[in-house]
Amino acid sequence: MSKSKKYLVEFVLFFTYALFAMSWKSGDILIAKMGFTASQMAIMTNAINVAKIIGSLSAAGIIAKLGNRKVFSYSTLLIFLGILLPFVNGFPLIFLVRFTLGLGGALVLVTINPIVAKIFSKEELTIVNGLNAVAFNVGLAITLTLASSISSNPPLSIKIISFTLLVLVFLWNYLSSSIDQDTVAQSNAAHSFTFVDGLKDSFNWIFSLSYCGLLGFYLVSFTFMRAENVKYVIYFGVIGAIVGTIQAKKIENKLNFVRISAFLQLLSAIGFLLLYNTSVIKFMGMSLGFFIFLPMAAFVTLAFNRPDTTPRKISVTFSIFWSLSYFISIIIIQAFAFLKDNFGDNSAFIFIVFVEATFFIGTTFFMKNSKKISEDKVC
């Protein structure tokens, strides 16, 4: 595949997931206008998370049978079905639409990883992984920037996002004719590596559990906290991801970089919540967003840099990674909402700081297992 075509493929991958984030957040804005409680909002958010668990668990097997081209196309069409949200009423139907949206997002997210592992070189993967790690954040940043316009007419915004996804589906099918055949061949060649094999690999558990607290904190932030505060987290998350991607390409010891970033991230999270109602909150939000996304390119690339890694193994690793991360996030979100509704913001904020600390704790444990990772080889 030519270099220009590869990066057009990456353009489609990136913006498909960014548009998923925009559809998710625009849906949140629409649902919030309906007057639901924090606990009800949490359940609706967790409709997406439950779907992501199911999608992540099934993704590796589906990819092995259908190939990435078809799976990515079908997944994008599931996200497109988020267009139905403005047309439904009542909790069950809203839950169903959100579930469908989340299922599509999960399959897109897991499918991205074996695609880039197949078509990009080791030198290119650090940059590509950094871009893909921030795609969701870019979608949120765009949505928050346009929040006032979206709030004035959320149904129209959801329709525009959904039809833009259709354009990307057509572009994807035009660009990806060779990806399907090559990826299926690769999957068949490595088909003996199963989901059960992935569960036996301690790296996958360390990798997944390290990320759970960070993801839970992030989902709680953009779902429940004031948009005027969270927007600084989102904007500077994009900057942090860019800086982190550049640095990850230069730094040989990526594990130390991740660990230091995780510690600074925890300090920023504590400051953000302690100073939440003060005039300096925007500066704490900038610091928090920057350090949340600073280590993401290096962290994700660790999965690609293991010895004897294939696109099939990458599919299994990220199936486990996202399903476990979102399963624990469901518990975190519901616990936060319960504390917020019954004991107030302070209790909920203390809880979520402890949750965020698990990323630093996890990466510290991860450091002790650094011998499992080779910096010299990638699939």
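Nothing here was measured: the structure is a model prediction, and the numbers come from that model.
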Given 3.5 Å as the limit, does a donor-acceptor pair link the side chain of [X] with the main chain of [Y], or not?
{"X": "Ser347", "Y": "Gly344", "result": "no"}
{"X": "Thr363", "Y": "Arg259", "result": "no"}
{"X": "Ser152", "Y": "Ser149", "result": "yes"}
{"X": "Asn129", "Y": "Ala297", "result": "no"}
{"X": "Thr358", "Y": "Phe354", "result": "no"}
{"X": "Lys254", "Y": "Ile251", "result": "yes"}
{"X": "Ser23", "Y": "Leu19", "result": "no"}

With sequence neighbours excluded, what pairs up with Lys6 under the salt bridge (charged side-chain N to carboxylate O under 4.0 Å, His left out) test?
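Scan of Lys6 (salt bridge (charged side-chain N to carboxylate O under 4.0 Å, His left out), adjacent residues dropped) gives Glu124.
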Going by heavy atoms in the side chains, are [X] and [Y] under 4.5 Å from each other?
{"X": "Ser26", "Y": "Ile161", "value": "yes"}
{"X": "Lys231", "Y": "Leu140", "value": "no"}
{"X": "Phe136", "Y": "Lys25", "value": "no"}
{"X": "Leu30", "Y": "Ile158", "value": "yes"}
{"X": "Phe217", "Y": "Leu288", "value": "yes"}
{"X": "Leu302", "Y": "Leu255", "value": "yes"}
{"X": "Leu101", "Y": "Ile48", "value": "yes"}
{"X": "Val355", "Y": "Phe336", "value": "no"}

Where is the tightest heavy-atom contact between [X] and [Y], given as atom of each residue plus distance?
{"X": "Ser58", "Y": "Leu107", "answer": "OG-CD2, 4.4 Å"}
{"X": "Pro295", "Y": "Gln265", "answer": "CG-NE2, 4.2 Å"}
{"X": "Pro114", "Y": "Ile314", "answer": "N-CG2, 3.9 Å"}
{"X": "Ala51", "Y": "Gly102", "answer": "CB-C, 3.6 Å"}
{"X": "Val220", "Y": "Ile333", "answer": "CG2-CG1, 4.1 Å"}
{"X": "Phe293", "Y": "Ala133", "answer": "CE2-O, 3.6 Å"}

Within the 6.0 Å centroid threshold, strictly below: [X] and [Y]:
{"X": "Tyr7", "Y": "Phe120", "result": "yes"}
{"X": "Phe321", "Y": "Phe318", "result": "yes"}
{"X": "Trp172", "Y": "Phe15", "result": "no"}
{"X": "Phe299", "Y": "Phe207", "result": "yes"}

Using the rule that Ile, Leu, Val, Met, Phe, Trp and Tyr join whenever any side-chain heavy atoms are under 4.5 Å apart, tell me whether [X] and [Y] fall into a single cluster.
{"X": "Val169", "Y": "Ile160", "value": "no"}
{"X": "Ile246", "Y": "Met296", "value": "yes"}
{"X": "Trp205", "Y": "Val196", "value": "no"}
{"X": "Met34", "Y": "Leu156", "value": "no"}
{"X": "Phe87", "Y": "Ile94", "value": "no"}

Report the C-alpha separation of Val128 and Phe14 in whole Å, then their side-chain angles, then the decisive distance to 0.1 Å, and conclude whether the side-chain contact (heavy atoms from CB on, under 4.5 Å) test is met.
CA-CA 9 Å; Val128 171; Phe14 178 91; over 6 Å; no
Would you compute the distance between atom [atom1] of [X] and atom [atom2] of [Y] and round it to the nearest 0.5 angstrom?
{"X": "Arg98", "Y": "Leu84", "atom1": "CZ", "atom2": "CG", "result": "13.0 Å"}
{"X": "Ser319", "Y": "Ile53", "atom1": "OG", "atom2": "CD1", "result": "13.0 Å"}
{"X": "Ile292", "Y": "Leu266", "atom1": "CD1", "atom2": "CG", "result": "11.0 Å"}
{"X": "Leu273", "Y": "Asp345", "atom1": "CG", "atom2": "CG", "result": "10.0 Å"}
{"X": "Leu219", "Y": "Ile332", "atom1": "CG", "atom2": "CD1", "result": "8.5 Å"}
{"X": "Ile270", "Y": "Met284", "atom1": "CD1", "atom2": "CE", "result": "9.5 Å"}

Distance alone, cut at 3.5 Å: any donor-acceptor contact between the side chains of Tyr235 and Thr145?
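The criterion, which ignores hydrogens and geometry beyond distance, is satisfied for Thr145 and Tyr235.
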I'd like to know if the side chain of Thr111 pairs up with that of Asn68 as donor and acceptor (distance under 3.5 Å, no hydrogens or angles considered).
no
What orientation do [X] and [Y] show, parallel under 30°, tilted 30 to 60°, or perpendicular over 60°?
{"X": "Tyr276", "Y": "Phe349", "answer": "perpendicular"}
{"X": "Phe263", "Y": "Phe360", "answer": "tilted"}
{"X": "Phe99", "Y": "Phe95", "answer": "parallel"}

Go through Ile328 and Leu209 one step at a time and tell me if the side-chain contact (heavy atoms from CB on, under 4.5 Å) criterion holds.
CA-CA 9 Å; Ile328 294 178; Leu209 292 173; 3.8 Å; yes
Member of Phe20, Phe163, Phe170 meeting the ring-ring contact (aromatic ring centres under 6.0 Å, His included) criterion with Phe80:
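It is Phe163; the other options fail the test.
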How about Asn346: does its CG atom have over 12 heavy atoms from other parts shown lying under 6.0 Å from it?
no
Evaluate Asn113 against Phe304 for side-chain contact (heavy atoms from CB on, under 4.5 Å), listing each step before the verdict.
CA-CA 9 Å; Asn113 295 294; Phe304 292 78; 3.9 Å; yes
Report the C-alpha distance between Phe291 and Phe236 in whole Å, list the side-chain angles of each, state the deciding distance to 0.1 Å, and finish with yes or no for side-chain contact (heavy atoms from CB on, under 4.5 Å).
CA-CA 9 Å; Phe291 288 116; Phe236 276 77; over 6 Å; no
